[in-house]
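See below for the structure under consideration.
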Amino acid sequence: MKMAAPTASKAASLGCNNKPTFPELDFRSGARVEELNKLIQEFTKHDQREYDDQRALEIHTAKDFIFSMLGMVQKLDQKLPVANEYLLLSGGVREGVVDLDLDELNIYARGTDYDMDFTLLVPALKLHDRNQPVTLDMRHSALCHSWLSLRLFDEGTISKWKDCCTIVDHINGATNYFFSPTKVADWFYDSISIVLSEIQKKPQRGMPKVEKVEKNGTIISIILGVGSSRMLYDIVPVVSFKGWPAVAQSWLMENHFWDGKITEEEVISGFYLVPACSYKGKKDNEWRLSFARSEVQLKKCISSSLMQAYQACKAIIIKLLSRPKAISPYHLRSMMLWACDRLPANYLAQEDYAAHFLLGLIDDLQHCLVNKMCPNYFIPQCNMLEHLSEETVMLQARKLSSVRSDPAEHLRTAIEHVKAANRLTLELQRRGSTTSIPSPQSDGGDPNQPDDRLAKKLQQLVTENPGKSISVFINPDDVTRPHFRIDDKFF
């Protein structure tokens with residue numbers, strides 16, 4: 001008796017479909033998506049360091065030293081506000097945590113020069129008493145930049161700061177003082193140098209060793225040796241505003257990925273002017289708008305898989321696109337924020353999509369280079385790549401094409417770099433492990449009280465609040481008791 005062969009549909013239902021199942025591949029490079037995900041996870045494991053109690057105490061000791069130093073700077077000539085509010089960011093300026101130009105910065109490498117890096121925004125002036133949108137004098141500047149007239153401030157402020165201003169005389173005989181970012185940075189560096197010189201004349205037990213103090217453009221970089229750790233602080237003099245700039249009002253009218261996750265009040269609580277000018281701007285007068293405080297809030301709404309992809313992509317481009325310095329990590333951060341607005345939240349929340357996100361960020365970056373267009377996230381009419389030559393952007397786009405053709409190999413290279421940096425750090429820790437350095441406030445008594453409790457508290461703050469806004473309120477007459485605020489929570 002003959003039996004009919006099963007039809008295709010029946011064969012499939014009977015499990016007779018012999019079509020092979022292929023692993024998910026990246027069309028452009030042929031890389032296995034699963035392998036890319038594993039490489040990103042490995043990079044994240046080595047890039048994110050955990051802190052034991054000793055390291056947490058060293059972080060506190062360095063921070064305490066920096067804040068004490070700034071309290072002494074304030075006392076020198078009373079220029080800085082008495083009650084000041086700093087913004088402490090994890091990661092140095094070279095990591096793209098603030099929109100500053102990297103051309104004038106000396107090259108520091110983690111592992112070789114430092115183990116941990118921070119950026120500290122220090123207001124030289126504050127304008128915190130306005131509830132309406134802040135209108136800046138942008139007549140002389142490119143978009144995202146502004147001059148700052150001291151006419152917004154009282155006579156006492158003008159008198160204190162006029163030696164850090166450029167002077168413009170009007171036809172009607174009036175004199176206008178414009179706050180100069182370069183002169184402020186010069187004053188800040190000189191003042192810090194004077195204070196550090198005084199501190200080092202009377203060293204205290206457990207005081208950090210100042211290994212390096214350098215002025216990089218308008219940024220003051222300090223590397224401190226504390227116990228077995230080296231901490232890099234990039235200190236940036238800024239002008240601090242409450243409210244929101246009028247030039248960015250239209251951005252608030254659009255729909256954004258953070259809608260419903262955090263309040264508008266959290267996002268628009270304030271902004272800064274940082275000491276950087278546009279490509280054709282006047283360095284002595286021009287400041288750049290910075291939304292660093294808002295960016296800290298927005299990071300809360302970004303999925304961990306997208307952040308992992310961003311960190312891995314950043315590590316690749318910092319090495320690959322370092323010369324010429326056309327692209328900075330801040331450009332990549334802006335593209336990530338635009339991607340969050342463009343793509344569905346449930347897609348970006350996929351835990352196993354880090355490889356897709358990495359490839360997408362590379363594609364976005366290449367697209368921006370080829371089209372010489374990277375809009376500022378908060379002021380979209382400002383194109384941050386407008387000043388670049390066609391030759392430069394095409395050179396960078398070709399370099400990026402090599403990454404897109406073999407992302408796995410570039411991830412492996414990034415992993416080897418971070419592992420090498422960690423080995424250098426561990427070797428330094430081994431050499432310094434025999435000398436446990438107490439806090440400057442310690443009198444050499446019981447090492448567990450109270451600094452051990454403080455170390456545990458600080459370790460918890462650091463590990464549980466990555467990327468959050470950490471403000472510190474300091475009374476310069478009692479710098480031993482800083483008050484922490486992480487976002488809106490006080491400690």
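Count residues from 1 along the sequence.
- Distance check, rounded to the nearest 0.5 Å: CG of Asp190 to CZ of Phe188 gives 11.5 Å.
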Pair Val267, Ile262 - check side-chain contact (heavy atoms from CB on, under 4.5 Å), show working. CA-CA 8 Å; Val267 175; Ile262 52 177; 3.5 Å; yes

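- Asp137 CG to Asn176 CG: the interatomic distance, rounded to the nearest 0.5 Å, is 8.0 Å.
- Scanning both residues, Asn216 and Arg94, for their nearest heavy atoms gives ND2-NH2, 3.7 Å.
- Note that CG of Asn422 is 8.0 Å distant from CG of Asp47, once rounded to the nearest 0.5 Å.
- With hydrogens and angles disregarded, a donor-acceptor distance shorter than 3.5 Å links the side chain of Thr119 to the backbone of Gly91.
- Shown are Leu320, Leu388, Ile317, Leu321; of these, the side chain to side chain contact (heavy atoms under 4.5 Å, CB included) with Gln396 is made only by Leu321.
- Judged purely by distance below 3.5 Å, without hydrogens or angles, the side chains of Thr263 and Glu266 pair a donor atom with an acceptor atom.
- Taking the centre of each ring, Trp161 and Tyr177 stay at or above the 6.0 Å mark.
- Taking the side chain as every heavy atom from C-beta outward, Ile415 and Lys45 never approach each other to under 4.5 Å.
- Atom CD of Gln78 is surrounded by more than 12 heavy atoms from other residues, nucleotides or ligands within 6.0 Å.
- Interatomic distance, CG of Asp341 versus CE of Met336, reported as 11.5 Å (0.5 Å rounding).
- Closest approach of Cys277 and Lys282 over heavy atoms only: CB-O, 4.3 Å.
- Two residues are said to be in side-chain contact when any heavy atoms from C-beta on lie closer than 4.5 Å; Lys162 and Leu150 fail this criterion.
- Using modelled atom types and a 3.5 Å distance limit, the side chains of Glu286 and Ser278 yield a donor-acceptor pair.
- Between Asp186 and Lys215, the closest side-chain pair of non-hydrogen atoms falls below 4.5 Å.
- Between the CG atom of Leu365 and the OG atom of Ser334 there is a distance of 11.0 Å, given to the nearest 0.5 Å.
- Remark: Thr157 engages Asp154 in a side chain to side chain donor-acceptor pair (under 3.5 Å) (not counting sequence neighbours).
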Determine, step by step, whether Tyr114 and Met231 satisfy the side-chain contact (heavy atoms from CB on, under 4.5 Å) criterion, reporting the C-alpha distance in whole Å, the side-chain angles of both residues, the deciding distance to 0.1 Å, and the verdict. CA-CA 6 Å; Tyr114 64 90; Met231 314 282 179; over 6 Å; no

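- Inter-residue side-chain proximity for Tyr377 and His256 is flagged as met; some heavy-atom pair is nearer than 4.5 Å.
- The closest side-chain donor-acceptor pair between Gln297 and Lys300 falls under 3.5 angstrom.
- Remark: aromatic rings of Phe357 and Tyr310 are distant, center separation not under 6.0 Å.
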Ser221/Asp234 under side-chain hydrogen bond (donor to acceptor under 3.5 Å, both in side chains): CA gap, chis, key distance, verdict: CA-CA 4 Å; Ser221 297; Asp234 286 325; 2.7 Å; yes

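- A donor-acceptor pair shorter than 3.5 Å can be found between the side chains of Thr166 and Asn285.
- Shortest non-hydrogen contact noted between Asp284 and Pro181 is O-CD, 3.2 Å.
- By the 30° and 60° cut-offs, the orientation of the rings of Phe271 relative to Phe241 is parallel.
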Between Cys368 and Leu385, does the side-chain contact (heavy atoms from CB on, under 4.5 Å) criterion hold? Intermediate values first, please. CA-CA 8 Å; Cys368 288; Leu385 301 185; 4.2 Å; yes

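- For the pair Gly92 and Val97, the tightest heavy-atom approach, listed with the atom from each and the gap, is O-CG2, 3.5 Å.
- Under 3.5 Å, the side chains of Asn84 and Gln74 contain no donor-acceptor pair of N or O atoms.
- Without hydrogens or angle criteria, Ser290 side chain to Leu273 main chain gives no donor-acceptor distance under 3.5 Å.
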The test is side-chain contact (heavy atoms from CB on, under 4.5 Å); show your working for Leu298 and Phe378 and say whether it passes. CA-CA 12 Å; Leu298 299 186; Phe378 299 93; 3.9 Å; yes

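- Residues Phe179 and Trp287 place their aromatic rings such that the two centres sit under 6.0 Å apart.
- Across all non-hydrogen atoms, the minimal contact from Gly111 to Arg230 is O-NH2, 2.8 Å.
- Residues Met207 and Thr61 are not in side-chain contact: their nearest non-hydrogen atoms beyond the backbone lie 4.5 Å or more apart.
- A donor and an acceptor atom, one from each side chain of Trp187 and Ser191, are located under 3.5 Å apart.
- Tested against Asp99 for a side chain to side chain contact (heavy atoms under 4.5 Å, CB included), the candidates Phe291, Tyr272, Tyr330 yield a single pass: Tyr330.
- Of all non-hydrogen atoms in Leu348 and Ser305, the two that sit nearest each other are O-OG, 3.7 Å.
- In this structure, CG on Leu358 lies 12.0 Å from CD on Gln311, to the nearest 0.5 angstrom.
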